[in-house]
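Data first, discussion second: the structure below is written as structure tokens.
Every heavy atom of this structure was used, including side-chain atoms; hydrogens, water molecules and symmetry mates were not. Note that the numbering runs from 1 along the sequence shown for the chain. Counting starts at 1 for both ligands and their atoms, following the listed order.
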Amino acid sequence: MSNDKASARDIREIRDDIDALDNELLTLLGERRKRSIEAAKAKEAEPTLFRDKTREEELLANRIQLGRKLGLDSHYVTSVFHDVLDDSVRIQQEYFQEKANEGTGVIRVAFQGIEGSYSHLAGQEYFSRKGASIFYLGQSQFKDVVEAVEKGKAELAILPIENTTSGGINDVYDLLLHAQLSIVGEIKFKVEHCLLGLPDASLSDIRTIYCHPQTVLQCSDFLAELPHCKIEYFTDTALSGKKIVEDGKATQAAIASEEAARLYGLNVIERGISNQSANFTRFLVASRKPIEVDPRIPCKTSIVMMTGNQPGSLIEALLVFRDHGINLTKLESRPILENPWEEMFYLDFEGNLADDKIQKGLDEVTKSARFIKVLGCYPSQDLPRAASERGSVAPQADDEAESAAEPVFKPVHDKRKASGYRLASREYKSEDTVIEVKGARLGGDDLVVIAGPCAVESIDQIMACAREVREHGAHILRGGCFKPRTSPYSFQGLGYEGLDMLVEAGRKYDLPVVTEVLSPEDVVRVAEKADILQIGARNMQNFTLLSEVGRSRRPVMLKRGMSSSLDELLQAAEYILAGGNQQVFLCERGIRTFETATRNTLDLSAVPVLRGRTHLPVIVDPSHAAGRRDLVAPLALASKTVGAHAVMVEIHPEPEKALSDGPQALLFPQFETLMKDLGLLSGKRKAVPSS
Ligand code: PEP
Ligand code: MN
């Protein structure tokens, strides 16, 4: 009894401590912001961009090292400082913008909907770093929002323009064409839809769901599972929440934000109901007068144009942008109501209207256009690429790096006529194909490392591996969920449950994931979640499976069959390419020979031979080749030397307990050493440890 009391007091004390620490953290963050503004003032005279990449890289590397000493992993430190540095850059940009445009004291912002609607929430986020006090004016329709600003009832309008799931918001595009407004800002806002009901309602009670048409598109998968519910369209998300409160029926639900639930006293029946977890809406902020953007701030310009009506007019216009070195970030077309089958084109590009290059490019485009209007020039929400970007600073070991001479491998192109494959050949495409997956570049100059367990066994096991992969600077997380086992009695994998664990680990540690798909019926479902699809050695010539992944838009790792020639491997790749999917890379994983000392015999010559014959990236899996952990590191190093674009190795927190391929799994310290030896993690080279 007294013991219980003592521990209850302990936990209270601990919580008090945590509260005090959180307050301290917030105070420090506030102080840090003040220093950022001071720094902005100090930079006022600097003509160049104020993001100092070298300084940021150094700063982040130092923070990571200090974090290590304090028991914080590099991924955690990187992600915290990513947010802190971004905030600092944004604060400084705001400072420069306000100086250039004399920010006012009170700003009235018109938005569509009521408090708690996504436009309102996006506005709150957008204005959170501005000094002014904001007064929000809810309007019932988009056209009223535009009118409020045109007629001077509000200074600014905030309007949704596109969503990552449901696409462009046509009404707003059409309004922009005629509006007497200028775009002055943008914000990409994460939209997290929830199903809301009365406080005592549960999912089984619901018969009618009130939702905005855009929301129906964005949550169509969730709604399809509720065929007994009637969908009633509603003009505004938060308003639909308010309506069900007023009606007071437990059978009614609404789709809106969690904030709306809080505001109107509703219960969140289900969270995260969007088809895509990354569901973002881009909002534009517009005012009567255009603004000037400080030349040091990354900036975007939006225009709308009607090109000439000769064949090739659009391409001519686009070529002007290319010739002037202007990077287009968006092209959208909308029908012209008065001219059936003719289109208005909405374009966004990087650049400041005050810049000579942009002026010249626009003049040139205007010459051949039938109509052109600049919609606005405004600070881009995307910050310049910098060290704070996740994953861009390689984790550093504590001790000094020793530089190793990098072998430079240039494949000799084999231009002989290939037989049985065309799209895969160097003859068809001579430059190397580069496949980009969430920041990892397969086929480029830098070695990529794919690592993870043979099979996903539990959430703890895959999380531990993901942490290791991230911490030591590897790029892609592997983990089998559907295992092709030689014996039907061996562990067959956790299936879709394992896939969810793999994806969760990838998300937590910001790593793309690769997993094997065994049957054609699973391709679509696995491709919804995995970043890369693996075709295993045993399936290299499963032609129905190859054709099915050929229809997928996910990159495919094709492993060499254990008794297949390189020509057969290339012809198997051709099946995928011919199906439409051009993102294929090849994996040498050892072949069957008379030698029994190793599980298979690693055919290292396959790498330069393949790189001569094909433009596709070529990688090596030394784990399945050797079958013994002591050989994995030397073979991985050799793979790099012969020109592999990536190596894939198996790791496990406790290989002796692994459910498959334990003997070839690297222990975590061995993996760390390998990463150092590959030159991806600086630190003293150590002798490769044996098992
Ligand atoms: C694997 O990588 O999980 C695998 C089963 O390898 P392979 O198809 O090369 O045997
Ligand atoms: Mn394996």
Indicate yes or no: does [X] engage [Y] in a salt bridge with an N to O separation below 4.0 Å.
X	Y	result
Lys640	Asp677	no
Asp603	Arg560	yes
Asp73	Arg467	yes

Can you sort out which atoms of ligand 1 are near Ala537, meaning under 4.0 Å from one of its heavy atoms?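 Numbered from 1, ligand 1 contributes 7 (P), 8 (O), 9 (O).
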Looking at Arg589, which atoms of ligand 1 are within less than 4.0 Å of one of its heavy atoms?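 Contacts of ligand 1 toward Arg589, numbered from 1: 7 (P), 9 (O), 10 (O).
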Check whether any side-chain N or O of Ser547 sits under 3.5 Å from a backbone N or O of Phe543 as a donor-acceptor pair, and report yes or no.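 Yes, Ser547 side chain to Phe543 backbone: donor-acceptor pair under 3.5 Å.
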Which one holds for Arg478 and ligand 1: side chain close, backbone close, both close, or neither close, with close meaning a heavy atom under 4.0 Å?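 The side chain, only.
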Metal-centred angle, the Mn ion (ligand 2) as apex - SG of Cys454, NE2 of His624, 10° resolution: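 Seen from the Mn ion (ligand 2), SG and NE2 are separated by roughly 160°.
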Taking distance alone, with N or O pairs closer than 3.5 Å, would you say Arg538 contacts ligand 1?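 Yes; at least one N/O pair falls below 3.5 Å.
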Between Gly536 and ligand 1, is there a nitrogen or oxygen pair with a distance under 3.5 Å?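 No, since none of the N or O atoms of Gly536 sits under 3.5 Å from an N or O of ligand 1.
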Is the cationic atom of Arg282 (NZ for Lys, CZ for Arg) positioned less than 6.0 Å from the six-membered ring centroid of Phe189 and within 45 degrees of its normal?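 Ring-cation test returns no.
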Counting heavy atoms only, which of Glu516, Met648, Arg560 is nearest atom 5 (C) of ligand 1?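 Checking each option, the heavy atom nearest atom 5 (C) of ligand 1 is found in Glu516.
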